[in-house]
Structures are given as C-alpha cells and as structure tokens.
**Student:** 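Got a structure for you, written out below as structure tokens; questions coming shortly.
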Amino acid sequence: MKRTLITLFLIAFTIKSFSQDSKLNFELNFPYPFDHNFIADNYDGIIDVGAKYRFVNSKKINIGISLNINIMNNNSEINKYYGNLKIKSYLIQPKIFTELNLKRFHPFIGIGYASMIFNSSISDENIAPLPRSGNYRDGFSVNNTQSGIDLSTGLQYDINKRILIQVQYDYIILSQEEPIINSKYNTNVNLLKFGFGYRI
C-alpha cells in the first residue's frame with residue numbers, strides 16, 4: 001500500500017510539473033459494503049485510495065480514467081474455528097468515467113473492471129479443530145481472485161478549488177468460479193464510498 005501511495009504521488013508531481021492546469025485529483029474514502037451478499041455479510045471496509053485523471057476537461061463535461069484500491073477485513077464467525085485466521089479482500093478498480101460540471105457539483109458515472117483479491121492466512125499451530133473434523137492443521141495461506149464488470153455513479157462537491165467531498169456507489173458483477181455456487185449472493189457486490197479528494 002505504501003508503494004502505491006508513493007507511486008501516485010510521483011505521478012501527480014510529474015503531471016503538475018508539466019501542466020499549468022492539472023487534471024488530476026487524489027481521493028481517500030471509507031468503503032461500506034451493503035445489501036445481502038457474501039461481501040456485506042462477511043467483510044468490513046477499512047480504506048479506499050484512488051486517483052482520477054481527466055484527459056477531456058471542458059466547461060460542461062469531463063472524461064477521464066480512474067484507479068481505486070481498497071481494503072476490507074473479514075468479520076465472519078468462521079474465524080473462531082481457525083484460531084488467528086486472517087482474511088482480507090483487496091479490491092482493484094480501474095475505470096473510465098464522465099462527469100458534468102454544474103458549478104460546484106459534479107455528478108459522474110463510470111464503467112470498468114474490478115478484481116477482488118482474497119488473502120487468507122493462519123500461523124498459529126494450536127488452532128481449534130476444523131468443523132466436522134477432529135484433526136488439526138498447520139498454518140496455511142490461500143489466495144483467490146474474482147473479477148467482473150464494475151458500474152459506478154456518484155457526486156462530487158467542490159469545497160474550494162482544491163478540496164472536494166464525494167459519495168460513490170459501485171455495483172460489481174463478479175464472474176462465477178468453481179466451486180462457488182452461481183447466485184446473486186455470491187457474485188453481486190454493492191459498495192458505497194464516502195470521502196474527500198484533493199486536486200493537484
């Protein structure tokens with residue numbers, strides 16, 4: 001995550017050095033999964049960081065690309081069966097977006113491709129027995145990735161020329177993979193983001 005933030009800073013510095021009117025802003029958001037699905041039922045949002053670059057910047061409409069990376073932490077009951085089991089989800093969201101310029105208000109829509117990387121790890125050798133089993137297991141680490149279409153809409157409000165606040169809704173449709181059951185509960189993700197941004 002530190003490397004990502006440093007990279008974003010260097011990109012911003014480079015663009016600012018060569019542009020009198022920068023088209024870049026950084027974001028810091030709180031991600032909130034909701035509705036009845038496997039993410040909302042099992043994960044809490046931690047942080048979301050992002051950047052937007054507008055390659056078309058007119059008085060009425062902007063078009064650009066964006067990248068968001070957020071982290072969510074597993075809060076499910078399954079953790080108690082595995083001692084110090086830790087499960088995190090890293091969501092990567094590249095998009096293309098368009099936004100309207102209505103004085104200080106900027107409603108926007110976007111479409112992209114989301115990848116959810118699930119990382120599970122446990123290191124405690126004295127873990128509780130697995131459900132329906134009297135055996136114990138050594139530490140393990142499992143990685144899994146699900147990806148799919150990401151549709152978003154939201155609203156930004158300019159507090160001043162540099163600082164903005166925003167709310168965003170993401171609807172993600174993940175592809176079904178074996179042995180995951182193909183259902184809306186396992187493939188549809190609803191995510192709200194609340195945060196602020198800074199224009200470079």
Side-chain angles (χ1 to χ4, degrees), residues 1-35 37 39-40 42-75 88-117 148-172 188-200:
M1 185 57 67
K2 289 183 180 179
R3 290 182 181 179
T4 301
L5 292 174
I6 291 171
T7 302
L8 292 175
F9 175 79
L10 291 175
I11 292 172
F13 180 79
T14 302
I15 292 174
K16 185 64 177 177
S17 299
F18 292 96
S19 175
Q20 294 293 329
D21 183 21
S22 178
K23 303 173 183 179
L24 179 73
N25 71 265
F26 290 125
E27 303 171 357
L28 182 63
N29 303 296
F30 170 72
Y32 175 72
F34 70 98
D35 203 5
N37 54 64
I39 290 295
N42 297 291
Y43 288 84
D44 293 322
I46 298 177
I47 192 172
D48 174 277
V49 294
K52 286 182 177 177
Y53 179 73
R54 298 158 182 83
F55 50 82
V56 174
N57 197 358
S58 69
K59 291 183 178 181
K60 294 184 178 181
I61 190 170
N62 300 329
I63 301 173
I65 56 175
S66 67
L67 175 65
N68 284 79
I69 301 172
N70 79 57
I71 304 174
M72 289 179 278
N73 190 51
N74 185 275
N75 62 10
K88 281 187 167 51
S89 172
Y90 303 91
L91 176 60
I92 302 173
Q93 300 171 280
K95 289 194 195 81
I96 185 168
F97 70 92
T98 183
E99 64 184 1
L100 297 176
N101 295 320
L102 306 175
K103 294 185 178 180
R104 293 193 173 193
F105 290 94
H106 305 280
F108 62 87
I109 57 173
I111 184 170
Y113 193 74
S115 291
M116 300 192 80
I117 302 168
I149 298 297
D150 184 356
L151 306 173
S152 66
T153 185
L155 178 66
Q156 290 184 342
Y157 175 77
D158 295 336
I159 295 176
N160 55 42
K161 290 184 178 180
R162 296 291 185 188
I163 299 174
L164 60 92
I165 56 175
Q166 69 173 3
V167 59
Q168 179 175 319
Y169 167 64
D170 282 270
Y171 179 62
I172 303 169
N188 293 12
V189 178
N190 293 280
L191 188 65
L192 277 177
K193 298 179 185 180
F194 306 92
F196 66 92
Y198 185 79
R199 300 186 191 281
I200 303 297

**Student:** Answer whether the closest heavy-atom distance between the side chains of Lys60 and Asn101 falls below 4.5 Å.
**Tutor:**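 Not touching, per the 4.5 Å side-chain cut-off.
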**Student:** State which residues pass ring-ring contact (aromatic ring centres under 6.0 Å, His included) with Tyr113; sequence neighbours excluded, sorted by chain then number.
**Tutor:**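 ring-ring contact (aromatic ring centres under 6.0 Å, His included) check on Tyr113 returns nothing, list empty.
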**Student:** Does Val189 reach the side chain of Leu91, with side-chain heavy atoms less than 4.5 Å apart?
**Tutor:**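 No, their side chains stay 4.5 Å or more apart.
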**Student:** Answer yes or no: is there a side-chain heavy-atom contact under 4.5 Å between Asp35 and Asn188?
**Tutor:**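 They are not in side-chain contact.
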**Student:** Please identify each residue that fulfils side-chain hydrogen bond (donor to acceptor under 3.5 Å, both in side chains) with Tyr169, with sequence neighbours left out.
**Tutor:**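 In terms of side-chain hydrogen bond (donor to acceptor under 3.5 Å, both in side chains), with neighbours along the sequence ignored, Tyr169 is linked to Asn190.
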**Student:** Can you list everything that forms a side-chain hydrogen bond (donor to acceptor under 3.5 Å, both in side chains) with Asp158? Sequence neighbours excluded, please.
**Tutor:**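 side-chain hydrogen bond (donor to acceptor under 3.5 Å, both in side chains) list for Asp158, sorted by chain: His106, Arg199.
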**Student:** Looking at Pro33 and Pro31, what are the two nearest heavy atoms and their distance?
**Tutor:**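 Minimum heavy-atom separation between Pro33 and Pro31: CD-O, 3.7 Å.
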**Student:** Distance check, rounded to the nearest 0.5 Å: Arg104 atom CZ versus Leu164 atom CG?
**Tutor:**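 It comes to 11.5 Å.
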**Student:** Do Ile92 and Ile117 have side chains that approach each other closer than 4.5 Å (heavy atoms only, starting at C-beta)?
**Tutor:**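 A side-chain contact under 4.5 Å exists here.
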**Student:** Restricting to side-chain contact (heavy atoms from CB on, under 4.5 Å), what partner residues turn up for Ile111, sequence neighbours left out?
**Tutor:**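 Partners of Ile111 under the side-chain contact (heavy atoms from CB on, under 4.5 Å) test: Ile96, Leu151.
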**Student:** Let me confirm one number: the CD-NZ distance from Glu99 to Lys52, rounded to the nearest 0.5 Å.
**Tutor:**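 Glu99 CD to Lys52 NZ: 6.0 Å, rounded to 0.5 Å.
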**Student:** Taking all heavy atoms of Tyr53 and all of Phe97, pick out the closest pair and write down the distance.
**Tutor:**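 The answer is O-CE2, 4.2 Å.
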**Student:** To the nearest 0.5 Å, what is the distance between CD on Gln166 and CD on Gln156?
**Tutor:**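 Output value for this atom pair is 4.5 Å.
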**Student:** Just wondering, more than 12 heavy atoms not from Ile46 lying within 6.0 Å of its CD1?
**Tutor:**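 It does: Ile46 CD1 has more than 12 such atoms within range.
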**Student:** For Ile71 versus Lys88, what's the shortest heavy-atom pair and its separation?
**Tutor:**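 That closest heavy-atom pairing would be CG2-CD, 4.3 Å.
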**Student:** More than 12 heavy atoms of other residues, nucleotides or ligands under 6.0 Å from OH of Tyr32: yes or no?
**Tutor:**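 No, OH of Tyr32 has 12 or fewer neighbouring heavy atoms, counting only those of other groups under 6.0 Å.
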**Student:** Using the side chain to side chain contact (heavy atoms under 4.5 Å, CB included) rule, take Ile69 and Tyr90 through it: C-alpha gap first, then chi angles, then the decisive distance, then the call.
**Tutor:** CA-CA 7 Å; Ile69 301 172; Tyr90 303 91; 5.6 Å; no
**Student:** If only side-chain N and O atoms count, and only distance matters, is there a donor-acceptor pair under 3.5 Å linking Asp48 with Asn68?
**Tutor:**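 A donor-acceptor contact under 3.5 Å links the two side chains.
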**Student:** About how many Å separate CG of Asn37 and OH of Tyr43, when rounded to the nearest 0.5 Å?
**Tutor:**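 Rounded to the nearest 0.5 Å, the OH-CG separation comes to 11.5 Å.
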**Student:** Between Phe26 and Ile200, is any pair of side-chain heavy atoms under 4.5 Å apart?
**Tutor:**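 Touching, per the 4.5 Å side-chain cut-off.
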**Student:** Tell me, do Tyr198 and Ile163 make a side-chain contact under 4.5 Å, heavy atoms counted?
**Tutor:**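 Sidechains of Ile163 and Tyr198: in contact.
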**Student:** Quick one: side-chain hydrogen bond (donor to acceptor under 3.5 Å, both in side chains) partners of Gln93, sequence neighbours excluded?
**Tutor:**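 Counting only residues at least two positions away or on another chain, Gln93 forms a side-chain hydrogen bond (donor to acceptor under 3.5 Å, both in side chains) with Asp150, Asp170, Lys193.
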**Student:** Measure from NZ or CZ of Lys95 to the centre of the six-membered ring of Phe108, then state whether that distance is under 6.0 Å and the direction lies within 45° of the axis.
**Tutor:**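 Output no; distance or angle outside limits.
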**Student:** To the nearest 0.5 Å, how far apart are CD1 in Ile47 and CG in Asn70?
**Tutor:**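 Atom-to-atom, Ile47:CD1 and Asn70:CG are 9.5 Å apart.
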**Student:** By side-chain hydrogen bond (donor to acceptor under 3.5 Å, both in side chains), which residues pair with Thr98, not counting sequence neighbours?
**Tutor:**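 Not a single residue meets the side-chain hydrogen bond (donor to acceptor under 3.5 Å, both in side chains) criterion with Thr98.
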**Student:** CD/Gln168 to CG/Asn29 distance, rounded to the nearest 0.5 angstrom?
**Tutor:**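 The distance works out to 7.0 Å.
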